[in-house]
Amino acid sequence: MPDVILGPNRYGKAETRLVRVVREGEVHHLKDVTVSSSLSGDMEAVHLTGDNATVLPTDSQKNTVYAFAKQYGVDQIEDFALLLARHFVESQPPIHHARVEIEEYAWERISGDRPHSFARKGGEVRTCVVHHDRDGRTTVVSGLKDLVVLNSTGSEFHGYIQDEYTTLPPTTDRVLATAVAARWRHGAEGSAYGKSYEEVRRCLLEAFADTHSLSLQQTLYAMGKRVLDTRGEVCEIRFAMPNKHHFLVDLSPFGLDNDNEVYFAADRPYGLIEGGVLREDAPDAAFAWE
Ligand SMILES: O=c1[nH]c(=O)c2[nH]c(=O)[nH]c2[nH]1
C-alpha cells in the first residue's frame with residue numbers, strides 16, 4: 001500500500017451572523033454582516049493523531065468576531081476583516097494563514113422622525129475576502145453580488161455560430177438583464193474602502209447603462225475596463241453575470257401583435273457569463289482569489 005499524506009486543509013467558523021447597533025442618543029445606526037473565518041497552519045497532529053494543541057476552536061473564532069465588534073466597532077468590512085485576520089495569525093504561532101470573508105446587508109432608515117426604525121434594502125450585498133499570512137502578506141478583494149440591472153433597449157445579439165442545433169433568432173433589439181456579481185482586487189492595501197466601493201459601484205452601473213451591447217461578454221469587459229480606467233486602487237476585477245433572459249411572448253393566438261412590449265422573464269436556465277479584466281502590470285495575486 002502506498003503511503004498517504006495529509007492534503008491541503010483549513011478550518012474555521014462559517015457565517016457568524018453579527019448585527020451591531022451604534023446608539024447616538026435617540027439616533028441609532030445599524031451594521032448587519034456575516035463573517036466567515038478560515039485558518040491554516042501546523043495542523044498535521046490534529047488530523048493524524050487528534051492532538052488539538054494547535055487548534056484555536058472555531059467557537060473562539062466566533063467569539064472573537066463578537067468581542068471585536070464591541071471593542072473596535074464595525075465600519076468598513078475590509079477593515080474589520082483585516083483586524084480579525086491579523087489577530088488570528090499574530091496571536092497564535094501555529095496559525096500561519098487566515099482568510100476572512102464578510103458579507104454586508106444594507107438597511108435604510110424608515111423616513112420621517114423615526115431614528116431607530118429600519119427597512120432592509122432589497123439591493124445588492126457588499127462582500128470582501130481578506131487574506132493575511134505570517135510572512136506579512138495581505139490581500140484584499142472587495143465586491144458585490146445580486147446587483148440586478150436591466151437595459152430595455154440598446155442590446156443586440158447576432159453573428160454567432162449556427163450549427164444544426166441553433167434555433168435562437170438573431171436580434172438587434174432585446175432586453176439585457178443580469179445580476180452582477182463582481183469582485184475586485186486592491187493593488188495596494190489601505191484604500192478608503194467605503195469611498196472606493198461607492199465609486200466602483202457607480203462605474204459598474206454607468207458602464208452597464210452606457211454600453212450599446214452586442215453581447216453580455218462585451219458589456220462585462222466594458223464594465224471592468226471602466227473600473228480600471230477610473231479607479232487607480234483596483235488592479236483586477238472578476239465577474240459572474242447570469243444572462244437573465246427575457247423572451248417575447250407570442251400573442252398572435254389572441255390576435256395581438258407584440259412589438260417588444262410583453263416578455264416572459266425566465267429564471268432558468270440562464271446563460272452564465274464569467275470573465276475578468278486586469279492591468280497588464282497587476283501585482284501577483286498570490287492567494288487573493290482563494
Ligand atoms: O450576450 C449573450 N452572449 C451569449 O453568449 C449568448 N448565448 C445566447 O444564447 N444568448 C447570448 N447572449
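Whatever order the structure lists ligands and atoms in, that order sets their numbers, starting from 1.
With F287 as the aromatic partner, R99 does not meet the cation-pi criteria of under 6.0 angstrom to the ring centre and within 45 degrees of the ring axis.
Polar contact with ligand 1: present for L216 (N/O pair, distance under 3.5 Å).
Scanning the protein for heavy atoms near atom 9 (O) of ligand 1, the closest one is L168 CD2, 3.6 Å. For atom 6 (C) of ligand 1, the nearest protein heavy atom (residue, atom name, distance) is F157 CZ, 3.2 Å.
Taking a cut-off of under 4.0 Å to the non-hydrogen atoms of S215, the atoms of ligand 1 that pass are 1 (O). In summary, the atoms of ligand 1 found under 4.0 Å from a heavy atom of Q217, numbered by their order in the structure, are 1 (O), 2 (C), 3 (N), 4 (C), 5 (O).
Under 4.0 angstrom from ligand 1, the non-hydrogen atoms of N243 all belong to its side chain. Residue R174 touches ligand 1 through its side chain alone, judged by heavy-atom distances below 4.0 Å.
For the pair E78 and R126, the salt-bridge criterion is met [side-chain N within less than 4.0 Å of a carboxylate O].
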Quiz item: Can H186 and Y193 be said to form a ring-ring contact (aromatic ring centres under 6.0 Å, His included), step by step?
Solution: CA-CA 10 Å; H186 295 265; Y193 293 109; 5.0 Å; yes

Quiz item: Can you check side chain to side chain donor-acceptor pair (under 3.5 Å) on T219 and S213, steps first, answer last?
Solution: CA-CA 6 Å; T219 296; S213 176; 2.9 Å; yes

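Relative orientation of the F68 and Y72 rings is perpendicular, given thresholds of 30° and 60° on the angle between their planes.
Note: the hydrophobic cluster containing L56 also contains V65 (ILVMFWY, side chain heavy atoms under 4.5 Å, direct or indirect links).
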